[in-house]
Amino acid sequence: MNEKRIDYFTALYEVVKVIHASLDPARVLEEIVRCVVETMHVKASSLRLLDSRNKLLVLGAAYGLSEKYLQKGPILVDESGIDQKALQGETIRLEDVTTDKDFQYGAKAGEEGIKSVLVVPLMLERKAIGVLRVYTEAVRDFTKEDITFLLAVANLSALALDNARMHQTLQIQCDLMRAHKYRIDDN
């Protein structure tokens, strides 16, 4: 068990390095889901973000899932019991998604070879902005360490997205100030 904690510590360090190396949200999220899969030894991982109306979870990044599965249909918050719970701040563990009524696309998950799923919220200042999921090919009883690691990664992801958003806002403001300055100087 001690070796697993060291792996999680190292993986968290790698996630932090990725976040600090780029302000490109797409690149950061892709690296995060890849790191989660490799660290937790799971089939796949995905990170989805709430749309502006809080009705839909939009794919931010995925690793280990087929294009066919990713194109299965929209993740509608109203139709996904697990996502409703996760967006309320809960951690959700599903042993077998093919038979769980709260999993929106259970049959498609079965076709993809997915059995168990762990879902955690991306929290930013006590507000969920999305979910981070891991998928396994066999039934898995996720450990406390698995959950702690995934929650830490989800929170780091939320912070990375917020930092990128603030950077983009500052960049736009600087561009507008520069444009305004040039107009004044031209007069």
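Given the structure is predicted, the values throughout are model-derived calculations rather than measurements. Only heavy atoms go into these numbers, but all of them, side chains included; no hydrogens, no water, no symmetry mates. Numbering of residues begins at 1 and proceeds along the displayed sequence.
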State, with a plain yes or no, whether a side-chain heavy atom of [X] is found less than 4.5 Å away from one of [Y].
| X | Y | answer |
| --- | --- | --- |
| Val119 | Thr91 | no |
| Leu29 | Leu161 | yes |
| Val36 | Val134 | yes |
| Val77 | Leu56 | no |
| Thr136 | Lys43 | no |
| Thr39 | Leu12 | no |
| Asn155 | Met123 | yes |

Are [X] and [Y] joined in one hydrophobic group, where the rule is that I, L, V, M, F, W and Y side chains link up if heavy atoms are under 4.5 Å apart?
| X | Y | result |
| --- | --- | --- |
| Ile75 | Leu49 | no |
| Leu118 | Leu94 | no |
| Ile147 | Val37 | yes |
| Val131 | Val153 | no |
| Leu59 | Ile114 | yes |

ask   = When you look at CD of Gln84, are more than 12 heavy atoms from neighbouring residues, nucleotides or ligands closer to it than 6.0 Å?
value =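 Enclosed: over 12 neighbouring heavy atoms sit under 6.0 Å from CD of Gln84.
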Flag if over 12 foreign heavy atoms under 6.0 Å of NZ, Lys72 = yes
To check you understand the geometry: which heavy-atom pair defines the closest contact between [X] and [Y], and what is its length?
| X | Y | answer |
| --- | --- | --- |
| Ala62 | Leu70 | CB-CD2, 3.8 Å |
| Tyr105 | Pro74 | OH-O, 2.8 Å |
| Leu124 | Ala158 | CD1-O, 4.0 Å |
| Val42 | Arg140 | CG1-NH1, 3.2 Å |
| Val58 | Asp51 | CG2-CB, 4.1 Å |
| Ala154 | Leu122 | O-CG, 3.6 Å |

Could you state the interatomic distance from [atom1] ([X]) to [atom2] ([Y]), rounded to the nearest 0.5 Å?
| X | Y | atom1 | atom2 | result |
| --- | --- | --- | --- | --- |
| Phe103 | Ser80 | CZ | OG | 7.5 Å |
| Met40 | Phe142 | CE | CZ | 6.0 Å |
| Ile129 | Leu50 | CD1 | CG | 8.5 Å |
| Lys17 | Glu31 | NZ | CD | 11.5 Å |

ask   = Is Lys85 salt-bridged to Asp102, going by a charged N under 4.0 Å from an acidic O?
value = yes
query = Would Glu30 and Arg27 pass as an ion pair if we require N to O under 4.0 Å?
reply =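 Salt bridge absent between Glu30 and Arg27.
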query = Is a side-chain donor or acceptor of Asp146 paired with a backbone partner of Thr143 at a separation under 3.5 angstrom?
reply =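 Yes, Asp146 side chain to Thr143 backbone: donor-acceptor pair under 3.5 Å.
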query = Any sub-3.5 Å donor-acceptor pair from Glu112's side-chain atoms to Leu65's backbone N or O?
reply =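 A pair under 3.5 Å: no.
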message = In terms of relative ring orientation, are Tyr8 and Phe149 parallel, tilted or perpendicular, with 30° and 60° separating the classes?
response = parallel
message = Which residue in the set Gln88, Gln104, Arg133 passes side chain to side chain donor-acceptor pair (under 3.5 Å) when paired with Asp83?
response =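 Answer after filtering Gln88, Gln104, Arg133: Arg133.
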ask   = Is it true that the side chains of Thr10 and Asp7 contain a donor and an acceptor less than 3.5 Å apart?
value =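 No pair is found: no donor N or O on one side chain lies under 3.5 Å from an acceptor on the other.
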request  = Among Ile92, Leu151, Leu87, find the residue that satisfies the side chain to side chain contact (heavy atoms under 4.5 Å, CB included) test when tested with Pro121.
outcome  =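 One option only clears the test, and that one is Leu151.
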